[in-house]
Amino acid sequence: MGALCCRPQPIDFDGEVNLFHFILSRCVGKGAFGKVRVVEHKQTHKLYALKYINKSKCVKMKAVANVIQERRLLEEIDHPFIVNLRYAFQDDENCFFVLDLMLGGDLRFHLERLGALGEDIVRFYLAQLSSALAFLHENHIMHRDIKPDNILLDERGNAHLTDFNIAVHFGERRLTGVAGSMAYMAPEILNKRGYSSQIDWWSLGVCAYELIFGRRPFRGRSNSDLTYSISKDPLKWPEDADKKCSRAGMQILKGLLERDTTKRYGCKPHGEGFQELKRHPWFKSIDWDTLESKEQTPPFIPDAKKANFDASHELEELLLEDNPLKAKARKANKDNMSAEMRQMEEQFTSYDFKKMQRRSYYPHNQHLVSTATVTSSGVTSSRPGTPANDLRVDGITIHGGNGHSMEISGNDLEAVRGEKVLDQNYS
Ligand SMILES: Nc1ncnc2c1ncn2[C@@H]1O[C@H](COP(=O)(O)OP(=O)(O)OP(=O)(O)O)[C@@H](O)[C@H]1O
């Protein structure tokens, strides 16, 4: 009898993804609301990073909307130089993001250890990250928090953009909310007269400068000093700048750290800014085709033997955690939930990249939808076999059944719920 009651339940891999689908392994990082650990998918044996976010903490810190927003944006994208979302689900305590695993550490870790990185290495990262940025902007998404901490290396040494916590969709209307990490913020965010996706190219410029010279281009002892420096100080070079960076490299840094957004590198609309960057002499040694298919050998290969992560997270988990992560069956009763908990319950729906189709960098992943209905959680396709909610309309032009067409982004989605639409972009 005992043996019978202890027999593990078979795992339904065709059903909704949950924590039972994964083998939990070591802890590799700690975020504001939870930890990140390596996991193995029990069926495919693929390794991923599992980021889990404690729901109560998230409610307490008023971050519910951000977590849902991050999850929604990640659902839409798939790019070689982005830490892509593969699965998402929740249990009674946590929301889970299953992401591409990056075992090479973040660029803050390497910067602190090495002091600065060689120009060739930075050129390689900048090429990869520019490709990721161009893709995001093409999809009307701005990241808003580009900094070395949010750039992760895989074990081969390819750079990937992560942390879409404050990323947003953008349209014609300029944003005014101050968001991001101050030292990397573009002047137009700080002067509060409205900004758009050009801010990401500025932040990339701050990162590149810091990686090459080991210090940031604009500094200040207080927030107001820093604001002044970012807004007004001329760009200065360290005394030994020409030993660390070529003239072409400095031209790139100057072009990205240009206050006039109409002249800033990378910013010309419709991807032209990125095409111009690609043609810049500094990038002459980059073969863009093999770069984007990750066929090139990266110039810096993270040392797999040295810990790229703070081992204290692992120790903390072993010694101090009174409620270690464990797969548990769900008991949640929506009736007793606070409004925020219910919002998370309803909007942090489960996600499986194999069952969904999204706006991918990879051409074979294009949506193939003929007609669709806008619903509360996305768009329901009329094409047989296309799962509901696999298509998001934010930021793309859809054509209404009554003949009119409109550009839809985040907030306006509300207005078209229930309408039948013909999605010509993907038909
Ligand atoms: N995909 C990943 N693969 C490997 N390690 C990761 C991955 N994502 C995050 N990490 C590690 O976990 C740490 C915490 O990441 P996480 O994104 O949760 O925290 P964070 O940067 O503080 O973000 P937030 O501000 O959202 O809390 C990172 O610094 C990194 O070391």
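The chain is numbered in sequence order, starting from 1. Atoms within each ligand, like the ligands themselves, are counted from 1 in listed order. Being a predicted model, the structure only gives us computed values, none of them experimental.
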Notebook entry, point to check: For atom NZ of K42, is the number of surrounding heavy atoms from other residues, nucleotides or ligands below 6.0 Å larger than 12?
Noted result: yes
Item checked: ligand 1 N/O within reach of T162 N/O, cut-off under 3.5 Å -> no
Next item on the list: Please indicate whether any nitrogen or oxygen in K51 is less than 3.5 Å from any nitrogen or oxygen in ligand 1.
Entry: yes
Polar contact flag, side-chain donor to acceptor under 3.5 angstrom, [X]-[Y]:
| X | Y | value |
| --- | --- | --- |
| E210 | Y184 | yes |
| E188 | T261 | no |
| W201 | E258 | no |
| Q296 | D287 | no |

Margin query: Looking only at the aromatic ring of each residue, does the gap between the centers of F348 and F97 stay below 6.0 angstrom?
Written below: yes
At a 4.0 Å threshold, what atoms of ligand 1 neighbour a non-hydrogen atom of [X]?
| X | value |
| --- | --- |
| A49 | 1 (N), 2 (C), 3 (N) |
| V83 | 1 (N) |
| L152 | 2 (C), 6 (C), 7 (C), 8 (N) |
| K30 | 13 (C), 14 (C) |

Notebook entry, point to check: ligand 1 versus D106, non-hydrogen atoms closer than 4.0 Å: side chain, backbone, both, neither?
Noted result: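 Side chain only.
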Note to self: Residue-level breakdown please: for M102 versus ligand 1, do any non-hydrogen atoms fall below 4.0 Å on the side chain, on the backbone, on both, or on neither?
What the structure shows: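 The part of M102 near ligand 1 is both the backbone and the side chain.
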